[in-house]
A.B. asks: 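Structure provided below as structure tokens; questions to follow.
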Amino acid sequence: MIKTIYCGASLLAIGGAIKDPENTLIMEPTGMVGTEFVDALGPFALSAPRTAAGRELFSELCARKAASAEGGVHVPAIAACLMLLIKKYNVRVLFVSAVTGVSDIADGVRVNALCLNERRTFECERYIDTTAETTLLEKHGALESCAIRALVRTDAGLPLAVSGARLERAFLKDTAVCTIDVDPTGSFADYREAVAAGMERLSKLLPDIILLSIPATRFVKAKPLCVKTGERMWIVPSCGRADALDALDFGFIKGGDFA
């Protein structure tokens with residue numbers, strides 16, 4: 001029996017898995033890691049590392065000139081560094097594997113999953129869901145904001161706020177992140193429309209502004225949350241941490257122990 005199964009290859013889950021890789025399994029429905037921060041273009045500033053795992057991630061980012069000693073970071077670069085840590089510590093991640101059901105059993109948890117096109121069943125001592133379901137966050141009063149954060153190019157003086165669009169400096173020269181609050185229940189088409197409208201307003205004030213990318217993942221900001229959903233099942237959203245490094249360190253410190 002596996003000791004710990006995490007749902008979602010989040011920063012929190014990866015931190016926990018690095019601490020005990022032999023007894024941990026991560027199940028990720030996509031082929032990516034750290035989507036709650038990396039794909040969502042989360043904070044372009046990092047907390048000071050508190051653990052060996054955090055210091056190693058930060059050191060690798062700095063070596064690639066994707067982070068500064070002051071804590072600034074080029075968020076998209078985090079994914080490649082996470083993959084290096086996953087390889088180094090033999091962290092087990094099943095990509096393109098969606099959890100379809102969980103249930104209590106006598107001595108742990110049964111996890112049903114669709115792994116590519118194969119249905120599989122796993123058993124573990126404890127199950128931790130680290131994904132960010134906005135409906136659950138709202139239910140527990142933990143949802144703080146939901147936004148699309150587009151990457152833009154501009155040399156304007158920042159920060160700047162214009163009619164619902166907020167601009168702040170990103171890590172790379174002349175780049176900025178444009179944050180636009182969106183309805184958590186909206187579709188990706190709705191979010192694209194929101195970005196288009198925001199860019200139209202911004203271009204009237206900043207003629208030089210250029211849209212570089214729009215993430216396919218919303219940036220969900222939440223208060224720290226830990227909800228027990230079964231005898232040995234918990235929901236601990238990684239997005240409840242301040243930033244990517246804070247989430248990794250928190251996962252490493254807890255090591256899957258949320259009892």
Side-chain angles (χ1 to χ4, degrees), residues 6-21 24-98 116 130-132 148-153 168-179 211-221 237-239 241-253:
Y6 289 95
C7 177
S10 64
L11 270 296
L12 191 157
I14 293 169
I18 288 174
K19 190 169 187 177
D20 187 17
T24 304
L25 176 66
I26 298 174
M27 308 197 72
E28 169 55 43
T30 74
M32 298 172 284
V33 294
T35 58
E36 76 281 16
F37 290 108
V38 178
D39 287 14
L41 290 180
F44 278 71
L46 297 174
S47 303
R50 295 175 288 153
T51 69
R55 286 188 288 273
E56 191 164 356
L57 175 60
F58 186 65
S59 176
E60 183 63 35
L61 285 163
C62 289
R64 292 168 174 250
K65 302 189 184 304
S68 65
E70 294 75 27
V73 63
H74 181 53
V75 175
I78 294 174
C81 297
L82 284 176
M83 292 303 291
L84 286 176
L85 292 181
I86 286 171
K87 182 178 180 181
K88 177 178 178 179
Y89 291 100
N90 294 315
V91 172
R92 293 186 293 168
V93 184
L94 284 180
F95 289 105
V96 199
S97 297
L116 286 176
T130 68
T131 59
I148 286 292
R149 287 165 60 89
L151 196 64
V152 302
R153 181 175 181 177
E168 58 185 298
R169 185 62 59 197
F171 184 74
L172 301 180
K173 186 178 184 296
D174 292 340
T175 61
V177 62
C178 175
T179 302
L211 179 64
L212 298 177
S213 69
I214 304 174
T217 303
R218 303 167 302 177
F219 176 57
V220 176
K221 187 176 180 183
S238 186
C239 67
R241 309 309 304 178
D243 54 68
L245 198 52
D246 180 51
L248 183 83
D249 277 340
F250 180 72
F252 186 87
I253 290 167

A.B. asks: Using every non-hydrogen atom in the two residues, find where Leu151 and Phe44 come nearest and quote the distance to one decimal.
C.D. replies: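 For Leu151 versus Phe44, the nearest heavy atoms are CD1-CZ, 4.1 Å.
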A.B. asks: How about Val33 and Val93: do any of their side-chain heavy atoms sit closer than 4.5 Å?
C.D. replies: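 Val33 does not reach Val93 side chain to side chain.
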A.B. asks: May I ask you to test the Leu41-Pro76 pair for a side-chain heavy-atom distance under 4.5 Å?
C.D. replies: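 SC-SC contact between Leu41 and Pro76 confirmed.
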A.B. asks: Would you call Ser238 and Phe250 a side-chain contact if the rule is heavy atoms closer than 4.5 Å?
C.D. replies: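 The answer is no; the side chains never approach within 4.5 Å.
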A.B. asks: Can you give me the closest heavy-atom contact between Gly42 and Val75, atom names plus distance?
C.D. replies: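 So the minimum-distance heavy-atom pair works out to O-CG2, 3.4 Å.
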A.B. asks: Does Ile148 form a side chain to side chain contact (heavy atoms under 4.5 Å, CB included) with Arg218? I'd like the steps, not just the answer.
C.D. replies: CA-CA 5 Å; Ile148 286 292; Arg218 303 167 302 177; 4.3 Å; yes
A.B. asks: If you take all heavy atoms of Ala150 and Leu211, which pair is closest and at what distance?
C.D. replies: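 That closest heavy-atom pairing would be CB-CD1, 3.8 Å.
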A.B. asks: I'd like to check the side chain to side chain donor-acceptor pair (under 3.5 Å) partners of Ser68; sequence neighbours left out, ordered by chain and number.
C.D. replies: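 By the side chain to side chain donor-acceptor pair (under 3.5 Å) rule, Ser68 matches Glu70.
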A.B. asks: Write down the atom of Ala53, the atom of Leu248, and the distance for their closest heavy-atom approach.
C.D. replies: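 Heavy atoms only, the tightest pair is O-CD2, 3.6 Å.
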A.B. asks: Does anything in residues 168-178 pair up under side-chain hydrogen bond (donor to acceptor under 3.5 Å, both in side chains), and if so which pairs, sequence neighbours excluded?
C.D. replies: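 Checked against side-chain hydrogen bond (donor to acceptor under 3.5 Å, both in side chains) - neighbours excluded - the pairs reaching residues 168-178 are Arg149-Glu168.
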A.B. asks: Not counting sequence neighbours, which residues clear side chain to side chain donor-acceptor pair (under 3.5 Å) with Arg241? List them please.
C.D. replies: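 Residues passing side chain to side chain donor-acceptor pair (under 3.5 Å) with Arg241: Asp246.
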A.B. asks: If you count heavy atoms of other groups shown closer than 6.0 angstrom to CZ of Arg50, is the number above 12?
C.D. replies: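 Counting neighbours around CZ of Arg50, more than 12 heavy atoms of other residues, nucleotides or ligands fall under 6.0 Å, so yes.
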A.B. asks: Quick one: closest heavy-atom pair of Pro237 and Leu12, and the distance?
C.D. replies: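 Closest approach of Pro237 to Leu12: O-CD1, 4.4 Å.
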A.B. asks: Listed by chain and number, what are the side chain to side chain donor-acceptor pair (under 3.5 Å) partners of Asp243, not counting sequence neighbours?
C.D. replies: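 By the side chain to side chain donor-acceptor pair (under 3.5 Å) rule, Asp243 matches Ser47.
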A.B. asks: Can you find a pair of side-chain heavy atoms, one from Glu28 and one from Leu94, that are under 4.5 Å apart?
C.D. replies: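 SC-SC contact between Glu28 and Leu94 ruled out.
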A.B. asks: Of all the heavy-atom pairs spanning Ile14 and Ala9, show the shortest one and how long it is.
C.D. replies: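 Nearest heavy atoms, Ile14 then Ala9: CD1-O, 3.8 Å.
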A.B. asks: I would like to know whether Leu11 and Phe37 meet side chain to side chain contact (heavy atoms under 4.5 Å, CB included); could you show each step before the answer?
C.D. replies: CA-CA 8 Å; Leu11 270 296; Phe37 290 108; 4.1 Å; yes
A.B. asks: Could you pull out all residues at least two apart from Thr131 that satisfy side chain to side chain contact (heavy atoms under 4.5 Å, CB included)?
C.D. replies: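 Once residues adjacent in sequence are excluded, the partners of Thr131 under the side chain to side chain contact (heavy atoms under 4.5 Å, CB included) criterion are Cys7, Asp129.
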A.B. asks: Can you pull the salt bridge (Lys or Arg N to Asp or Glu O under 4.0 Å) pairs that have at least one residue in residues 34-47, sequence neighbours excluded?
C.D. replies: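 Counting only pairs at least two positions apart or across chains, no salt bridge (Lys or Arg N to Asp or Glu O under 4.0 Å) contact touches residues 34-47.
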A.B. asks: Can you list the residues that meet the side chain to side chain donor-acceptor pair (under 3.5 Å) rule with Ser97, with sequence neighbours excluded?
C.D. replies: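 Applying side chain to side chain donor-acceptor pair (under 3.5 Å) to Ser97 gives none.
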A.B. asks: Is it the case that over 12 heavy atoms from other parts of the model lie below 6.0 angstrom from the NZ atom of Lys19?
C.D. replies: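 More than 12 heavy atoms, drawn from other residues, nucleotides or ligands, come within 6.0 Å of this atom.
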A.B. asks: Identify each donor-acceptor pair in which a side-chain atom of residues 81-91 lies under 3.5 Å from a protein atom, sequence neighbours left out, and give them as a table.
C.D. replies:
{"from": "Lys88", "atom 1": "NZ", "to": "Glu56", "atom 2": "OE2", "distance (Å)": "2.5"}
{"from": "Tyr89", "atom 1": "OH", "to": "Glu56", "atom 2": "OE1", "distance (Å)": "2.5"}

A.B. asks: Can you list everything that forms a side chain to side chain contact (heavy atoms under 4.5 Å, CB included) with Ser59? Sequence neighbours excluded, please.
C.D. replies: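 For Ser59, no residue satisfies side chain to side chain contact (heavy atoms under 4.5 Å, CB included) once neighbours in sequence are set aside.
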A.B. asks: Can you name the side chain to side chain contact (heavy atoms under 4.5 Å, CB included) partners of Pro49, sequence neighbours left out?
C.D. replies: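 Partners of Pro49 under the side chain to side chain contact (heavy atoms under 4.5 Å, CB included) test: Arg55, Phe58, Leu245, Asp249.
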A.B. asks: Rounded to the nearest 0.5 Å, what's the gap from CG on Leu212 to CG on Leu172? Could you check?
C.D. replies: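 Leu212 atom CG to Leu172 atom CG measures 9.5 Å (nearest 0.5 Å).
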A.B. asks: Hey, could you give me the CZ/CG distance between Phe252 and Leu57, rounded to the nearest 0.5 Å?
C.D. replies: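 Between Phe252 CZ and Leu57 CG, I get 12.5 Å after rounding to 0.5 Å.
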A.B. asks: With sequence neighbours excluded, tell me which residues meet side chain to side chain contact (heavy atoms under 4.5 Å, CB included) with Ala80.
C.D. replies: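 Residues passing side chain to side chain contact (heavy atoms under 4.5 Å, CB included) with Ala80: Arg64.
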